Amino acid sequence: MKNIIEASKLVFEYIHRDEEGNVEAIETALDHVDLEVKPGQFVAILGHNGSGKSTLAKNINALLTPSEGTLYVAGKNALEEENVWDVRKSAGMVFQNPDNQIIASVVEEDVAFGPENMGVPEDEIIKRVATALEAVGMTAYKDYSPNKLSGGQKQRVAIAGVMAMEPHCIIADESTAMLDPVGRKEVLKALHTLNKEKGITILYITHYMEEVTDADFVYVMEKGKVVMTGTPREVFSQVEKLEELRLSVPQITKLAYELKKSGVDLPDGILTKEELTQELKKLV
Amino acid sequence: MPIIFDHVTYTYAPETAYKKVALNDVSFEVKEGEFLAVVGHTGSGKSTMVQHMNGLEKATEGHVYFHGQDIYDKDFDMKELRTRVGMVFQYPEHQLFETTVLADVCFGPLNQGLEKKEATARAYEALLMTGMKEEQFLLSPFELSGGQKRRVAIAGVLAMKPEVIILDEPTAGLDPKGRDDILDMLKEMHEKTGNTVVLVSHSMEDVATYADRMIVMNKGQVFCQGTPKEVFAHADELSKIGLGAPSVSLLMDDLKASGMNVETGAITVEEAKDAILKMLNKNV
């Protein structure tokens with residue numbers, strides 16, 4: 001099957017200029033990044049602040065244009081200006097701050113804003129809004145004012161807003177970073193539901209490792225480069241390397257790793273407490 | 001006892017349609033020189049509660065005592081209270097405003113009425129304590145990374161040499177390494193100066209690692225308090241109010257439940273490792 005997102009040797013440079021327009025400094029935010037996402041996958045990108053993961057997201061959404069390399073989103077070349085609108089339609093984005101991506105005074109209207117802007121007929125909009133709110137579990141709040149909602153609920157409204165535009169892919173750029181644990185779980189669950197039930201491809205950007213244990217594939221970024229790839233299990237089995245990259249592994253994985261180091265016979269990359277309980281049972 | 005809450009109740013917007021009881025008959029003490037964590041999910045009243053500690057909010061009913069004095073007495077010096085009880089708000093880096101890092105940190109001590117020289121000396125000390133480097137002192141705060149900005153904001157409060165320092169979710173939005181750096185820095189400062197720290201946090205793992213004692217808030221009331229070990233021993237009750245325990249605590253309970261002869265009560269990876277090794281060795 002063809003990839004929905006395909007990047008090869010992608011480079012992006014932030015160019016700083018002084019007041020006269022002379023180039024002062026060039027910062028390479030993406031350094032020859034290769035990325036492949038298949039339709040229907042849930043792919044996670046991990047990395048600490050400043051590792052280039054948000055820059056990558058903005059390239060995929062055509063908010064930024066790559067400096068070098070190739071990037072195809074749903075078959076369209078993102079380097080060509082005429083494709084900008086198609087690319088944005090294919091890859092919707094949910095940002096970090098719940099308070100600056102909601103614009104309407106009623107939840108339902110906010111979700112309708114995207115499709116309305118795209119010129120979708122009214123009866124179709126009504127259908128889409130209902131489906132989108134249902135999918136993120138916010139139907140009961142359709143007549144609410146967004147300022148009466150919690151952070152997690154606002155993010156789910158934002159996701160519904162993106163979904164109503166029917167993109168092939170949703171990019172969540174640290175959409176849980178400003179939420180409390182309950183809100184984080186709600187948002188993650190909503191995205192997994194969209195992925196499983198509607199087949200929407202998800203590109204999930206985060207620095208919380210415990211949120212990506214259910215992802216299909218994980219990319220780890222550092223200084224603009226992809227430094228690790230694999231399934232969550234493959235990636236999390238490399239505890240030392242992750243810690244070198246200033247990322248921490250989930251507590252259970254860390255515990256299993258420490259036990260193994262002390263001579264307990266355990267497999268690599270244990271992710272959940274259920275797995276660890278099973279493994280320890282065999283040893284007792 | 002530096003701070004005592006005596007049956008404190010606080011109602012937002014009383015006598016209107018938006019009336020909301022944020023604190024409901026709250027009584028507890030902050031002990032001299034302790035590292036106290038306040039947990040509870042969003043809306044549980046924890047931020048409202050800490051804002052009573054230095055008189056930013058005034059209780060609708062009940063009393064708050066600072067070193068035995070009722071802070072609502074007419075002749076009580078509120079300004080002095082606010083110097084002795086320092087507060088670091090959520091996202092404190094949004095409050096940086098001066099042209100240089102050093103000037104920003106000097107603002108508090110100068111406002112306290114200190115001489116420029118003394119204020120600068122304090123700013124130096126505070127910035128070094130938060131791990132900032134001297135060559136960064138004359139940069140604009142806006143040239144710094146998110147984690148660095150937050151250190152500067154915390155230094156701004158430390159420079160006033162408060163005997164109690166309250167931090168409202170000081171690690172929100174930081175990556176794992178940035179989070180550990182800030183908490184390690186706080187712990188070190190706490191051990192060095194012996195001042196009292198009140199930390200509002202969502203992370204049970206962090207509370208288990210750093211705090212001497214914790215207070216759990218739920219629906220505007222104190223749900224329970226005690227050492228992290230005492231509180232996390234009641235993981236099921238915590239989960240009933242939507243809070244978790246560190247994943248290793250839950251793991252130990254699971255192990256026990258599945259018939260293994262293991263000591264429960266571990267709250268850190270280190271303790272869990274020791275308990276599991278002990279169990280395995282016993283069986284060898």
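Quick caveat, the model's predicted, so the values are computed rather than measured. Each chain gets a letter, A, B and so on, in the order its sequence line appears, and its residues count up from 1.
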Quiz prompt | Polar side-chain atom of H207(A) near backbone of L174(B) as donor-acceptor pair, under 3.5 Å | solution =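 Yes, H207(A) side chain to L174(B) backbone: donor-acceptor pair under 3.5 Å.
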
Is atom [atom1] of [X] surrounded by more than 12 heavy atoms (other residues, nucleotides or ligands) closer than 6.0 Å?
| X | atom1 | value |
| --- | --- | --- |
| E188(B) | CD | no |
| F223(B) | CZ | yes |
| K223(A) | NZ | no |
| K256(B) | NZ | yes |
| D265(A) | CG | no |
| F137(B) | CZ | yes |
| K225(A) | NZ | no |
| E240(A) | CD | no |

Spacing of [X] atom [atom1] and [Y] atom [atom2] [to the nearest 0.5 Å]:
| X | Y | atom1 | atom2 | answer |
| --- | --- | --- | --- | --- |
| T277(A) | D253(B) | OG1 | CG | 10.5 Å |
| K254(A) | T268(B) | NZ | OG1 | 11.5 Å |
| D180(B) | E243(A) | CG | CD | 9.5 Å |
| S247(B) | K273(A) | OG | NZ | 8.5 Å |
| Q251(A) | L250(B) | CD | CG | 9.5 Å |
| Y208(A) | R179(B) | OH | CZ | 7.5 Å |

Quiz prompt | Heavy-atom proximity to chain A below 4.5 Å, by part of L243(B) | solution =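 Neither the backbone nor the side chain of L243(B) comes within 4.5 Å of chain A.
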
Quiz prompt | Leading residue by heavy atom contact count with chain B [cutoff under 4.5 Å; candidates L280(A), L245(A), V264(A)] | solution =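 Answer, by heavy-atom pair count under 4.5 Å with chain B: L280(A).
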
Quiz prompt | Winner by heavy-atom pair count (cut-off under 4.5 Å) against chain B, out of I252(A), T176(A), T206(A) | solution =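 Ranked by heavy-atom pairs under 4.5 Å with chain B, first place is I252(A).
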
Practice problem: Could you tell me which non-hydrogen atom of G178(B) sits nearest to which non-hydrogen atom of R246(A), and how far apart they are? | Solution: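 Smallest interatomic distance, heavy atoms only, reads N-NH2, 4.0 Å.
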
Quiz item: So which of A172(B), S258(B), G147(B) has the biggest tally of heavy-atom pairs under 4.5 Å with chain A?
Solution: S258(B)

Practice problem: Name the member of M260(B), H202(B), E169(B) that forms the most heavy-atom pairs with chain A at distances under 4.5 Å. | Solution: H202(B)

Quiz item: Quick one: are I276(B) and L255(A) in side-chain contact, heavy atoms under 4.5 Å?
Solution: yes

Quiz item: Is chain B contacted by the side chain of K148(A), its backbone, both, or neither, given a heavy-atom distance below 4.5 Å?
Solution: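 Just its side chain gets close to chain B.
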
